[in-house]
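All of these numbers come straight from a predicted model, not from anything done at the bench.
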Amino acid sequence: MRKFLMSTAAVATLLAAPMPLAHAADSVEVLHWWTSGGEAAALDVLKKNLESQGVTWKDMPVAGGGGEAAMTALRARVTAGDPPTAVQALGFDITDWAKQGVVGDLGEVADKEGWDKVVPAALQNFAKHDGKWIAAPVNVHSTNWVWISKKALDAAGGKAPESWDELVAVLDKMQANGITPLGHGGQAWQDATIFDAVVLSLGTDFYKSSMIDLDPAALGSDKMVEAFDRMAKLKTYVDKDFSGRDWNLASAMVIEGKAGMQMMGDWAKGEFLKAGQKPGTDFVCIRFPGTQGAVTFNSDMFMMFKVGDDKKPAQLKMAADIEDPAFQSSFNVVKGSVPARTDVPDTAFDDCGKKGIKDLAEANSSGKLFGSMAHGYAAPAAVKNALYDVVTRHFNGELDSKAAAAALVEAVAAAKG
């Protein structure tokens with residue numbers, strides 16, 4: 001994995017910071033949930049660069065693709081008065097911690113490097129609190145992707161679906177060909193990731209009114225019943241052993257030719273790349289049919305906690321490294337996501353990466369860039385968890401579509417309290 005040069009601004013920041021001789025304080029303890037092969041390979045880019053500067057990386061991995069277990073572990077550490085240096089976090093989770101007054105201040109680095117000018121406003125809404133930078137955005141993931149086995153697609157007619165009806169036709173052909181059409185893991189956040197895309201495919205106005213504005217009329221509408229009907233249809237293409245399966249194992253089903261496609265955010269691409277597969281040759285990346293031109297996003301950020309003065313230089317080094325343009329390119333090429341800065345060229349990215357960068361820019365300029373409900377960027381955790389519960393109960397056959405739409409209205413109202 002190639003090393004990268006730091007930007008002039010980053011170097012200036014480090015030179016300005018006190019640089020004690022290497023000792024125990026020159027370390028960062030990092031809590032994260034990047035434990036799959038592709039994720040670990042991406043994180044290694046950051047780890048190795050910090051270690052090359054004499055900063056020891058103390059790894060604190062907490063498995064669980066949606067980050068719920070990591071947040072539980074974090075609460076225990078903060079309660080004990082011993083928070084880690086940096087924590088991978090998403091959306092409203094960051095906002096919630098900021099309100100508790102336990103986060104650090106990255107202003108010294110952010111001001112010198114001009115983060116305000118290059119990080120999209122949608123990300124700054126979470127990376128800053130009360131005008132103060134508290135987190136360093138690592139990437140922008142978009143969640144409305146479908147990853148398709150090229151071999152399975154060719155056997156099903158060769159045309160990537162562009163509409164719901166075309167999607168169903170392709171899935172039917174894959175089923176007839178004797179493979180599992182849809183590789184999926186039955187975990188609440190994975191069910192919700194598909195639900196995000198299904199709701200978006202019924203219109204951007206509908207997504208905004210239901211998932212972001214939380215309008216009861218939209219949440220309980222006939223269109224929401226239709227969204228649940230589509231989820232029920234997708235359930236018919238999932239294998240019987242889906243319950244509890246981790247997302248990367250669902251990716252492996254597609255990679256190994258056991259499943260035709262996976263509906264998952266672009267972190268899945270890291271698994272395909274790590275397996276030596278190439279976009280266009282071994283797999284195909286498309287937006288969920290009906291969502292072209294719109295993007296639902298989440299952004300992995302490293303939220304920084306208040307640390308002692310002796311640990312602050314290493315923390316600021318880590319923040320500077322994360323926002324370095326060369327790192328943003330190196331990391332996101334491996335991770336499958338796109339840079340959290342708007343000034344990073346797409347040269348090093350493969351075709352799916354170039355499409356991701358282009359789609360993000362277009363959605364941002366057209367007003368069709370939306371925070372993902374499933375990943376904590378549309379509403380606070382209580383609302384997200386309420387949605388998880390209803391979507392998963394429906395997906396598991398405990399509610400029919402009309403009952404699910406009604407339950408969604410009640411659950412969201414209760415969660416908003």
Side-chain angles (χ1 to χ4, degrees), residues 27-50 55 57-78 82-98 100 102-104 106 119 123 125-129 133-143 187 189 193 246-248 265-268 270 297-307 314-324 327-328 330-332 334-340 371-372 374-377 381 384:
S27 65
V28 287
E29 185 180 14
V30 185
L31 190 158
H32 65 90
W33 60 87
W34 280 332
T35 55
S36 80
E39 293 172 323
L43 191 61
D44 207 42
V45 178
L46 179 59
K47 179 181 175 182
K48 285 184 175 175
N49 188 69
L50 280 167
V55 177
W57 180 284
K58 294 181 180 177
D59 208 37
M60 190 180 171
V62 181
E68 295 93 339
M71 290 301 104
T72 301
L74 176 60
R75 275 189 288 277
R77 288 288 301 270
V78 174
D82 181 30
T85 317
V87 179
Q88 179 188 359
L90 303 174
F92 281 91
D93 283 341
I94 300 172
T95 305
D96 290 344
W97 283 108
Q100 295 180 40
V102 293
V103 294
L106 302 179
V119 176
L123 273 61
N125 289 340
F126 297 96
K128 294 170 79 170
H129 184 70
W133 282 92
I134 58 170
V138 188
N139 58 19
V140 181
H141 275 300
S142 50
T143 62
Q187 296 172 342
W189 74 270
T193 298
D246 287 337
W247 69 270
N248 53 308
D266 49 17
W267 49 91
F297 79 91
N298 76 352
S299 170
D300 290 298
M301 301 189 184
F302 277 110
M303 170 174 55
M304 303 295 178
F305 280 77
K306 285 180 180 175
V307 293
Q315 185 181 64
L316 292 179
K317 260 187 207 180
M318 181 177 176
D321 278 13
I322 288 169
E323 294 311 316
D324 180 81
F327 166 74
Q328 287 273 327
S330 300
F331 177 90
N332 287 297
V334 177
K335 184 71 166 66
S337 42
V338 302
S372 161
H375 294 272
Y377 274 89
K384 178 189 76 172

Participant: Could you go through L74 and W97, starting from their C-alpha distance and side-chain angles, then the distance that decides it, and tell me whether this counts as side-chain contact (heavy atoms from CB on, under 4.5 Å)?
Facilitator: CA-CA 10 Å; L74 176 60; W97 283 108; 3.5 Å; yes

Participant: Indicate whether the side chain of D266 and that of S337 have a donor and an acceptor atom separated by less than 3.5 Å.
Facilitator: no

Participant: What distance separates D44 CG from K47 NZ, expressed to the nearest 0.5 Å?
Facilitator: 6.0 Å

Participant: Heavy atoms only: give me the nearest N332-P339 pair and the separation to one decimal.
Facilitator: ND2-CA, 3.4 Å

Participant: To check you understand the geometry: which heavy-atom pair defines the closest contact between A340 and L123, and what is its length?
Facilitator: CB-CD2, 3.8 Å

Participant: So do W247 and S36 actually touch side chain to side chain, heavy atoms under 4.5 Å?
Facilitator: yes

Participant: Among residues at least two apart in sequence or on other chains, which ones pass side chain to side chain contact (heavy atoms under 4.5 Å, CB included) with T72?
Facilitator: R75

Participant: Please round to the nearest 0.5 Å and tell me the distance separating atom OG1 of T35 and atom CG of D246.
Facilitator: 7.5 Å

Participant: Just how far is it from atom CD of E323 to atom CG of L106, taken to the nearest 0.5 Å?
Facilitator: 9.0 Å

Participant: How far apart are the closest heavy atoms of A70 and L31, and which atoms are they?
Facilitator: CB-CD2, 3.5 Å

Participant: Show me the donor-acceptor pairs, under 3.5 Å and distance only, between side chains in residues 297-305 and residues at least two apart or in other chains.
Facilitator:
unit_1 : atom_1 : unit_2 : atom_2 : d
N298   : ND2    : H375   : ND1    : 3.4
S299   : OG     : N139   : O      : 2.6
D300   : OD1    : Q88    : NE2    : 3.0
D300   : OD2    : N139   : ND2    : 3.2
D300   : OD2    : H141   : NE2    : 3.4

Participant: Given side-chain contact (heavy atoms from CB on, under 4.5 Å), test V87 with M60 step by step and report yes or no.
Facilitator: CA-CA 9 Å; V87 179; M60 190 180 171; over 6 Å; no

Participant: For the atom pair CD (E39) and CH2 (W267), what is the distance rounded to the nearest 0.5 Å?
Facilitator: 9.0 Å

Participant: Looking at every heavy atom in both T193 and A374, which two are closest together, and how far apart are they?
Facilitator: N-CB, 3.6 Å

Participant: Going from CE on M71 to CG on D93, what distance comes out if it is rounded to the nearest 0.5 angstrom?
Facilitator: 5.5 Å

Participant: Is there side-chain contact between I322 and F331, with heavy atoms separated by less than 4.5 Å?
Facilitator: no

Participant: Would you check, one step at a time, whether the test side-chain contact (heavy atoms from CB on, under 4.5 Å) holds for K335 with V138?
Facilitator: CA-CA 10 Å; K335 184 71 166 66; V138 188; over 6 Å; no

Participant: Say you draw a straight line from CG of L50 to NZ of K317; how long is it, rounded to the nearest 0.5 Å?
Facilitator: 8.0 Å

Participant: Side chain of Q315, backbone of T85: donor and acceptor closer than 3.5 Å?
Facilitator: yes

Participant: Mind listing the closest non-hydrogen atom pair of V62 and A73 along with its distance?
Facilitator: CG2-CB, 4.1 Å

Participant: Run the side-chain contact (heavy atoms from CB on, under 4.5 Å) test on Q187 and E68 for me, step by step, so that the C-alpha distance in whole Å, both residues' side-chain angles and the decisive distance to 0.1 Å come before the verdict.
Facilitator: CA-CA 12 Å; Q187 296 172 342; E68 295 93 339; over 6 Å; no

Participant: State, to 0.1 Å, how close S27 and V55 come at their nearest heavy-atom pair, and which atoms those are.
Facilitator: CA-CG1, 4.0 Å

